[in-house]
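What follows is a set of notes on a single structure, which appears directly below.
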Amino acid sequence: AQSVTQPDIHITVSEGASLELRCNYSYGATPYLFWYVQSPGQGLQLLLKYFSGDTLVQGIKGFEAEFKRSQSSFNLRKPSVHWSDAAEYFCAVGLDYGGSQGNLIFGKGTKLSVKP
Amino acid sequence: ETGVTQSPTHLIKTRGQQVTLRCSSQSGHNTVSWYQQALGQGPQFIFQYYREEENGRGNFPPRFSGLQFPNYSSELNVNALELDDSALYLCASSKSVTMNYGYTFGSGTRLTVV
């Protein structure tokens, strides 16, 4: 069955430090991959997505992610974290076939805290 | 352009009651999906609507049902509410039934069942 694993439940980084959030997926074909961010009590905002082509994807707010097929990973990175980046981050795999059209499978999320 | 709007923002219902949640999709979007997000969890796919028909469904019982209207807005109906239905319900819209464009999410409706 398709699944998404975010191994880190909670990460704390200092403001200005670099960030990498891990995401591993289980899926038979080349997946649609997404990273979303959620602030407390809010909906989800799309940071970036990957469908095909260049495996390094640039997103909003200075985030990027790299698709590595051999490792079934899609890790999110940012070179310098800002205090406003504190939020929960979700990785998702998209299923787009048969009765599962529109189905995004989300990981359990990684909560990011930023130290001043 | 307006984003995805959901109403109400918060709702308290009693076990066994029925509830209807509403979603207005982003302008130009014809596809709507609904997700349930329990506390501390990632969202779980309930179903998707395209051209007023359900064209994808997750692992939710039939008491979860929906509608999509000609203006692409949507409703989620839940019958016979259970305590475990307490969650944030998220609506997401897209320009297309395929995933190429990604999804725009609303801020959600927080449902509490007591």
Side-chain angles (χ1 to χ4, degrees), chain A residues 1-10 21 23-25 27 29-53 57 59-60 65 74 87-111, chain B residues 3-7 9-10 21 23-26 29-51 53-60 66 68 74 87-110:
Chain A
Q2 296 83 3
S3 64
V4 176
T5 302
Q6 294 180 248
D8 304 305
I9 297 173
H10 190 186
L21 301 182
C23 173
N24 292 95
Y25 65 88
Y27 187 61
T30 300
Y32 294 91
L33 293 163
F34 303 83
W35 274 99
Y36 282 90
V37 61
Q38 186 176 38
S39 298
Q42 298 298 309
L44 301 170
Q45 182 181 23
L46 178 66
L47 289 175
L48 45 78
K49 59 184 185 288
Y50 171 79
F51 301 135
S52 63
V57 181
I60 63 171
F74 189 56
E88 187 137 27
Y89 291 79
F90 291 94
C91 179
V93 167
L95 304 184
D96 201 18
Y97 60 88
S100 291
Q101 275 187 317
N103 187 358
L104 291 178
I105 297 178
F106 285 85
K108 292 190 175 182
T110 297
K111 183 176 179 179
Chain B
V4 176
T5 57
Q6 294 186 242
S7 62
T9 54
H10 294 83
L21 310 181
C23 170
S24 293
S25 58
Q26 184 169 320
H29 287 194
N30 59 16
T31 303
V32 174
S33 301
W34 285 91
Y35 288 80
Q36 180 195 67
Q37 186 178 19
L39 206 58
Q41 301 294 316
Q44 282 195 292
F45 176 68
I46 303 175
F47 43 56
Q48 180 184 75
Y49 277 81
Y50 172 65
R51 292 183 176 176
E53 290 194 2
E54 183 183 296
N55 78 328
R57 189 176 183 94
N59 189 25
F60 280 81
Q68 186 183 31
S74 177
L88 180 68
Y89 288 84
L90 296 165
C91 172
S93 71
S94 178
K95 285 184 184 178
S96 168
V97 70
T98 63
M99 290 201 170
N100 305 59
Y101 296 97
Y103 294 88
T104 302
F105 280 81
S107 296
T109 294
R110 173 74 62 186

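In what follows, every chain begins at residue 1, and chains take the letters A, B, ... in the order their sequences are listed.
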All heavy atoms of Leu90(B) vs all of Gly43(A), minimum pair found to be CD2-CA, 4.0 Å
Which heavy atom of Phe90(A) sits nearest a heavy atom of Gln37(B), and at what distance? CZ-NE2, 3.4 Å
Which bit of Glu88(A) comes within less than 4.5 Å of chain B, counting heavy atoms only: side chain, backbone, both or neither? neither
Okay, Tyr50(B) and chain A: the region with an atom under 4.5 Å from a heavy atom over there is neither
Write down the atom of Leu88(B), the atom of Gln38(A), and the distance for their closest heavy-atom approach. CD2-NE2, 3.8 Å
Quick one: of Pro43(B), Gly108(B), Gly102(B), who has the most non-hydrogen atom pairs under 4.5 Å with chain A? Pro43(B)
Once you round to the nearest 0.5 Å, how far does CG of Asn103(A) lie from CZ of Arg57(B)? 12.0 Å
Quick one: does any side-chain atom of Tyr35(B) pair with a main-chain N or O of Leu104(A) as donor and acceptor, under 3.5 Å? yes
More than 12 non-hydrogen atoms from neighbouring residues, nucleotides or ligands closer than 6.0 Å to CD1 on Ile60(A), yes or no? yes
Can you say whether Lys49(A) sits under 4.5 Å from chain B via the side chain, the backbone, both, or neither, judging by heavy atoms? side chain
Give the minimum heavy-atom separation between Tyr36(A) and Tyr103(B), together with the two atoms involved. OH-O, 3.1 Å
